[in-house]
Amino acid sequence: MTLHPLIPLWAWAVVFVPLLGLAVWQLVVALRGASRGAAGRQGPPAGPRGAWARRTALVAVLAVIGLGPSVPVTDRDTSVANVDLFFVVDRTGSMAAEDFDGTNERLVGVRHDIASLTGDIPGARYSIISFDSQASRQLPLTTDARAITSWADTFKREITLYSKGSLTDRPLDELREALQGAAAERPSNMRLVFFLSDGEQTADGEPRSFEELAPLVDGGAVLGYGTAEGGPMKEYLPGEDPAAAEYIEDPSKATIDESGVPDALSIIDEENLRTIAEQLGVPYVHRETTSPTAELVAGVDPQQVAADGRRLVTAYRPIVWPFALLAAGLLGIEAWRAGRSAARRVGVRA
């Protein structure tokens, strides 16, 4: 048992210390007066011993109640899931390649999976980091799941004219900063990372490793979109009707015998995606259709996130009722005695 005062200690001391001192002093005076009377000696009139004993006990009981005796109760917090869920989203032009679930853009699968995973882990904190020619944190950690799904429904891919090629390590710095911030703010939370990309690399340079982030990642997956056969992709220009947009061409594939330049094809790079998954310590999953995502988080129970008790919360339950019953009993006796005393005075006057 421990104490959790119901009022500030200074206020408790101001109220109960003088009252308890007065009651004890009066009880001592009453006891001394009774001793003198028993010995036949004269002294100051003594108050009733029983009355001051009851009053002293009543003040003591109320003082104990004010100190708030409590017992610790450990339970699991089910109001929110102690999960920080990070989506790292590829917005490069190749994600518009039309080879997802037939002839849909890969972004169709990305939008579905972000919304589905958000629903699979309700009550978590969510964040989105996107990358194209540069990386940026689109949404900081938030418990607003609707903000995540709204972003997924409305985000656009990179404008074709601004494209500088693809590099899968572009979100590394932003993701590192986000994970380190989350770990410092809530070290007990489970951190999940879902990396959504086709893994294509078209820019010069060797991508950096994500391996340094592995200690900060408790789970998640690298989700790959696209096919080995590849898919064509349309240009994206603001204000232009997507249906009227032209397909991006690949001049390097043109031949003298052909009358035109063939469409450029984007091909998924699963080897690159598997490498990222291995570096982060999470599985790689090839997403070919808008199928349920629950199996991707099958090992994450929002009601019991981690077996190590990271979601255990200790609260303190006040144990007041026994003392309140005792105080009520003492007050009842005091009222009864006062009533009898008043009745006697009325009888004497009559």
Side-chain angles (χ1 to χ4, degrees), residues 85 87-120 126 128-133 138-139 145-163 165-166 168 170-171 194-202 220-250 253 261-274 276-277 283-297:
L85 181 54
F87 294 105
V88 183
V89 183
D90 186 349
R91 297 202 311 179
T92 57
S94 63
M95 291 299 289
E98 299 172 351
D99 61 349
F100 177 81
D101 198 10
T103 58
N104 292 319
E105 291 186 356
R106 296 169 184 173
L107 293 178
V108 171
V110 171
R111 291 190 175 96
H112 169 271
D113 290 349
I114 291 176
S116 181
L117 286 166
T118 301
D120 290 335
Y126 315 94
I128 292 179
I129 298 171
S130 71
F131 68 99
D132 38 50
S133 294
Q138 297 292 302
L139 287 172
R146 287 179 297 179
I148 300 297
T149 55
S150 294
W151 185 92
D153 288 339
T154 58
F155 84 96
K156 304 295 183 181
R157 64 186 175 93
E158 184 181 31
I159 297 174
T160 303
L161 294 177
Y162 297 161
S163 177
S166 305
T168 52
R170 283 190 180 136
F194 287 93
F195 193 102
L196 301 87
S197 174
D198 56 21
E200 192 176 51
Q201 296 244 140
T202 59
V222 173
L223 307 182
Y225 303 84
T227 62
E229 294 76 21
M233 67 212 95
K234 290 183 177 181
E235 293 182 339
Y236 170 56
L237 298 174
E240 182 180 10
D241 181 5
E246 298 289 335
Y247 282 98
I248 299 174
E249 297 179 336
D250 186 359
K253 298 292 179 64
V261 180
D263 295 334
L265 296 178
S266 172
I267 298 173
I268 186 174
D269 190 337
E270 291 194 276
E271 181 179 352
N272 193 21
L273 293 172
R274 287 191 177 93
I276 296 173
Y284 165 69
V285 180
H286 187 204
R287 297 289 292 169
E288 301 178 85
T289 63
T290 54
S291 56
T293 56
E295 62 179 11
L296 300 177
V297 291

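In this text the structure is predicted, and so the values were computed from the model without any measurement.
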Give me the atom names and distance for the closest heavy-atom approach of [X] to [Y].
X: Tyr236; Y: Glu158; value: CD2-O, 3.6 Å
X: Met233; Y: Gly93; value: SD-O, 3.7 Å
X: Gly231; Y: Ala97; value: O-CB, 3.5 Å
X: Asp198; Y: Ser266; value: OD2-OG, 3.9 Å
X: Thr154; Y: Ser150; value: OG1-O, 2.8 Å
X: Ala228; Y: Ile267; value: O-CG2, 3.4 Å

Heavy atoms, side chains only, cut-off 4.5 Å: are [X] and [Y] in contact?
X: Gln201; Y: Ser166; result: no
X: Val89; Y: Val110; result: yes
X: Phe194; Y: Val297; result: yes
X: Val285; Y: Leu296; result: yes
X: Phe87; Y: Ser130; result: no
X: Leu273; Y: Ile268; result: yes

Quick one: [atom1] on [X] to [atom2] on [Y], what's the gap to the nearest 0.5 Å?
X: Ile248; Y: Leu265; atom1: CD1; atom2: CG; answer: 11.0 Å
X: Ile128; Y: Ile148; atom1: CD1; atom2: CD1; answer: 4.0 Å
X: Asp113; Y: Ser291; atom1: CG; atom2: OG; answer: 7.0 Å
X: Ile114; Y: Thr149; atom1: CD1; atom2: OG1; answer: 10.0 Å

Residue pair Asp90 / Tyr225, side-chain donor-acceptor N/O under 3.5 Å: no
Donor-acceptor pair between Glu98 and Thr103 side chains, under 3.5 angstrom: no
Residues which pass salt bridge (charged side-chain N to carboxylate O under 4.0 Å, His left out) with Asp99, listed by chain and number, not counting sequence neighbours: Arg106
Return the set of residues passing side chain to side chain donor-acceptor pair (under 3.5 Å) with [X] (not counting sequence neighbours), or none when no residue passes.
X: Glu235; result: none
X: Thr202; result: none
X: Tyr284; result: Glu270

Results of side chain to side chain contact (heavy atoms under 4.5 Å, CB included) for Leu107 - residues two or more places apart only: Met95, Glu105, Arg111, Phe155, Arg157
Contacts of type side chain to side chain contact (heavy atoms under 4.5 Å, CB included), residue Ala245, not counting sequence neighbours: Lys234, Glu240
